[in-house]
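The chains referred to below are lettered A, B, ... by the order of the sequence lines, with proteins before strands, and numbering in each begins at 1. Keep in mind that this is a model prediction, so the values were computed, not measured.
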There are 2 protein chains.
Amino acid sequence: MVKITDVARHAGVSPSTVSYALSGKRPISEETRQRIEDSIRELGYRPHAGARALASSRSNVLALVVPLRAGIHVPVVMQFAVSVVTTARRHDHDVLLLTQEEGEDGLRRVADTALVDALIVMDVQLHDRRLPLLRALDRPSVLIGFPAEPDGLTCIDLDFQAAGEVCVEHLAGLGHRVIALVGSPPEVYVRETGFAQRVVRGFTAAADRHGLSSSVHPCEAEPAAARQVAEQLLRERPALTGVVVHNEPVVEPLIDAFEQLGLRVPGDLSVTAICPDELAARVRVPVTSVAIPSAEVGTGAVELLMKKLGGASAPEATLLPPRLTVRESTGRRP
Amino acid sequence: MVKITDVARHAGVSPSTVSYALSGKRPISEETRQRIEDSIRELGYRPHAGARALASSRSNVLALVVPLRAGIHVPVVMQFAVSVVTTARRHDHDVLLLTQEEGEDGLRRVADTALVDALIVMDVQLHDRRLPLLRALDRPSVLIGFPAEPDGLTCIDLDFQAAGEVCVEHLAGLGHRVIALVGSPPEVYVRETGFAQRVVRGFTAAADRHGLSSSVHPCEAEPAAARQVAEQLLRERPALTGVVVHNEPVVEPLIDAFEQLGLRVPGDLSVTAICPDELAARVRVPVTSVAIPSAEVGTGAVELLMKKLGGASAPEATLLPPRLTVRESTGRRP
DNA sequence: TTCCCTCGTCGAAGCGCTTCGACATCACGT
DNA sequence: ACGTGATGTCGAAGCGCTTCGACGAGGGAA
């Protein structure tokens with residue numbers, strides 16, 4: 001193995017000079033720098049990660065904790081992970097993969113052994129048990145999603161409230177006056193991730209603002225449940241012409257149900273969804289939707305961490321603005 | 001930060017004794033071991049990963065290279081990754097996530113800097129450009145999938161040939177005499193991962209062995225293509241009663257197409273697939289299938305690596321036996 | 001009894017890198 | 001002319017851990 005002293009000897013300088021040339025932490029003359037770089041290339045030198053970590057107390061590795069829970073859309077997680085890795089590499093960092101399963105012990109372990117410099121935690125619950133730990137840890141972290149009390153933590157996510165609003169505004173702009181939100185399963189509103197409530201809040205606020213008649217309907221993640229909700233809506237709100245869906249597995253079944261009940265989409269009924277673009281695009285009737293911007297969230301999370309690692313402070317909350325993509329499922333009020 | 005000397009002092013022994021107590025590389029009396037463990041717990045000691053790596057030249061980290069290519073079934077990759085992480089943890093190792101994008105440089109980097117002890121490479125192509133590098137690297141690696149020339153490498157994957165055979169045998173056992181394989185897009189058979197050819201080989205061999213009339217039909221990963229293949233099959237092979245599908249996105253569209261053409265599944269036509277269980281189970285007509293055993297492959301890959309890291313030798317090829325799950329899409333010949 | 005081996009422990013020497021303080025040099029303002 | 005502050009480099013001291021050789025004590029074989 002070729003080490004820094006080999007490079008130093010080959011370039012006729014001291015090891016510290018090589019180190020400074022590499023890190024740029026002290027000025028090195030253009031001439032020596034060049035010589036050192038040549039030696040490095042010629043000898044094929046690669047600094048030993050462990051030695052570096054020991055001496056500098058920086059491992060240049062980030063931990064990424066991915067969720068395993070059922071009901072999580074896997075491609076979104078994957079997309080997110082890839083964007084984290086890519087962005088981290090741009091900042092000369094690597095990514096260590098942890099699973100939720102490891103829990104708090106896992107976080108503490110990688111932090112305390114100095115295996116990683118910082119942590120990214122996905123799928124944060126409203127009252128996540130890891131929060132106290134993350135606050136106490138001496139390493140910076142970024143959460144994907146918002147807990148009930150984000151004080152002292154750094155969080156990033158899609159602005160779900162604004163997402164709800166944007167959907168309503170789109171429908172209002174098309175002249176719809178009576179709308180409904182088909183939401184997540186009831187239990188999601190009780191515990192869990194809190195974004196569901198935020199969508200409701202945005203939906204309701206925007207509807208009120210525009211003077212629309214609105215209603216909210218939790219829905220199990222089952223085609224049969226979708227069918228039931230559709231029937232219920234036709235029965236109870238016959239004037240309905242606009243629907244917002246925030247429940248991925250149900251987007252397609254719901255549209256199917258409406259059509260089977262004799263409503264054309266978008267002819268009689270406009271449907272918008274909050275879901276991954278990928279899903280929205282490959283439904284039979286491509287759905288106008290607000291995307292879950294997993295790549296941006298990943299990039300954002302890493303950038304925030306880098307800022308914190310650099311000693312700067314990062315905002316507690318970063319809300320990514322929703323982007324609505326108009327597809328074929330929405331049209332003017334009939 | 002509490003370090004090994006603190007523990008040593010607290011327990012009244014020398015640092016080396018603590019180290020040996022932890023690693024078990026030399027005998028330590030039960031009594032001192034106990035005392036040391038108490039001190040560790042009391043002080044909350046965690047060995048510094050970098051220091052450990054430097055001194056022992058073992059980082060206890062594995063690299064996992066995940067593919068990004070389109071046409072890869074994301075949930076399978078994720079499942080695989082999770083099983084790798086879980087298994088690695090059982091062996092006291094962590095997992096560093098790399099993307100295909102980083103390419104050969106990425107592999108070289110993490111290996112040469114001693115960031116990782118060993119590598120797992122997914123989605124290996126028949127003539128993968130990384131093969132020479134992996135052979136040359138001084139660290140062990142395991143490939144998921146089989147290249148054209150696996151000499152000197154360690155590979156693991158589902159036994160796709162046997163998978164093809166099992167499907168045919170299942171159909172033959174149900175009395176079917178005329179069968180077809182609907183395969184992957186044509187280009188897959190030319191370059192890429194080689195498993196497609198292996199399915200064909202198994203399919204054909206088993207069909208011949210059982211005296212069945214068989215044919216093979218590559219198919220683009222599009223619903224429209226599925227429809228065309230279905231029509232073509234009805235036209236050219238009217239006696240057809242059994243189909244094997246090896247093309248994930250087409251499983252459902254193909255069944256739909258057959259039914260629209262007036263064939264009942266499994267009444268008139270039996271269909272089996274080689275695809276993730278998850279997909280097979282949630283199709284409208286749940287499909288009898290051979291699963292892609294991503295979790296087993298992941299576990300197996302890690303176990304192989306551990307064996308190699310332990311100095312033992314590992315078999316060049318590990319072929320996981322196919323498991324056929326009978327669902328509702330196959331029945332006796334009409 | 002002597003020799004040798006195993007068991008249990010210690011001290012010291014690194015592992016390969018970063019960083020701190022020191023020093024020499026040079027250019028500048030005064 | 002002289003102090004002053006950047007600039008460029010070096011040597012040495014660690015970072016926290018593992019590992020090697022050494023050594024005393026005890027037990028069996030000869």
Side-chain angles (χ1 to χ4, degrees), chain A residues 1-37 39-40 43-61 92 109-117 138 309, chain B residues 1-37 39-40 43-61 92 109-117 138 309:
Chain A
M1 181 197 198
V2 28
K3 38 198 175 195
I4 201 170
T5 51
D6 300 330
V7 175
R9 194 171 326 112
H10 188 273
V13 296
S14 81
S16 50
T17 304
V18 175
S19 178
Y20 286 124
L22 247 42
S23 69
K25 295 196 177 170
R26 282 199 185 175
I28 298 290
S29 71
E30 189 43 42
E31 184 192 329
T32 20
R33 183 204 295 314
Q34 195 54 59
R35 207 147 24 91
I36 290 174
E37 273 170 18
S39 299
I40 287 179
L43 302 181
Y45 167 68
R46 298 280 197 166
H48 185 289
R52 206 180 251 248
L54 177 56
S56 66
S57 33
R58 283 292 185 131
S59 66
N60 276 35
V61 174
D92 198 31
R109 183 175 59 81
V110 295
D112 286 356
T113 59
L115 226 194
V116 307
D117 294 337
D138 53 337
L309 281 173
Chain B
M1 183 199 196
V2 27
K3 38 197 173 194
I4 202 170
T5 51
D6 301 329
V7 176
R9 196 173 322 115
H10 188 272
V13 297
S14 81
S16 50
T17 304
V18 176
S19 178
Y20 286 124
L22 247 41
S23 69
K25 295 196 178 172
R26 281 197 187 177
I28 298 288
S29 71
E30 189 44 42
E31 185 193 330
T32 15
R33 183 205 294 316
Q34 195 54 59
R35 210 151 18 95
I36 290 174
E37 273 170 19
S39 299
I40 288 179
L43 302 181
Y45 167 68
R46 298 281 198 168
H48 186 288
R52 206 180 252 251
L54 176 56
S56 66
S57 32
R58 283 293 184 132
S59 66
N60 276 34
V61 174
D92 198 32
R109 183 175 59 81
V110 295
D112 287 356
T113 59
L115 225 193
V116 307
D117 294 336
D138 52 337
L309 282 173

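When each of B/Ser16 and A/Arg33 is assigned the nucleotide of DNA chain D with its nearest heavy atom, A/Arg33 is the one assigned upstream, toward the 5' end. Residue whose closest nucleotide on DNA chain C sits further toward the 5' end, between B/Thr32 and B/Ala51: B/Thr32.
The backbone N or O of A/Asp92 lies less than 3.5 Å from a partner atom in the side chain of A/Asn60, making a donor-acceptor pair. Checked by atom type and distance alone, the side chain of B/Ser57 never pairs as donor or acceptor with a backbone atom of B/Ala53 at under 3.5 Å.
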Inset, instruction - Could you check A/His48 against A/Arg52 for side-chain contact (heavy atoms from CB on, under 4.5 Å), going step by step and ending with a plain yes or no? - result: CA-CA 6 Å; A/His48 185 289; A/Arg52 206 180 251 248; over 6 Å; no

Legend entry - B/Tyr45 vs B/Leu22, side-chain contact (heavy atoms from CB on, under 4.5 Å): CA-CA, chis, key distance, verdict: CA-CA 12 Å; B/Tyr45 167 68; B/Leu22 247 41; 3.9 Å; yes

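Of the inter-residue distances, the one linking A/Arg33 atom CZ with A/Thr17 atom OG1 reads 11.5 Å to the nearest 0.5 angstrom. From A/Leu54, atom CG reaches atom OG of A/Ser59 across 12.0 Å, with rounding to the nearest 0.5 Å.
Closest of all the heavy-atom pairs between A/Val18 and A/Ala8 is CG2-CA, 3.7 Å.
A salt bridge does not link B/Asp6 with B/Lys3: every distance from a Lys NZ or Arg NE/NH1/NH2 to an Asp or Glu carboxylate oxygen is 4.0 Å or more.
The overall bend of the helix from C/dT1-D/dA30 to C/dT30-D/dA1, read as the angle between its terminal helix axes built from five base pairs each, is 30° when rounded to 10 degrees.
Contacts of A/Ser56 with the nucleic acid, taken as non-hydrogen atoms under 4.0 Å apart, involve only primed sugar atoms and P, OP1 or OP2. If you check every strand for non-hydrogen atoms under 4.0 Å, A/Ser29 touches sugar and phosphate atoms only.
Of the residues in residues 20-28 of chain B, those lying under 4.0 Å from DNA chain C by heavy-atom distance are B/Tyr20, B/Arg26, B/Pro27, B/Ile28.
Side-chain polar atoms of B/Ser19 and B/Ser16 form no donor-acceptor pair below 3.5 angstrom.
When DNA chain C is scanned in the 5' to 3' direction for atoms under 4.0 Å from non-hydrogen atoms of chain B, the outermost contacting nucleotides are C/dC7 to C/dG16.
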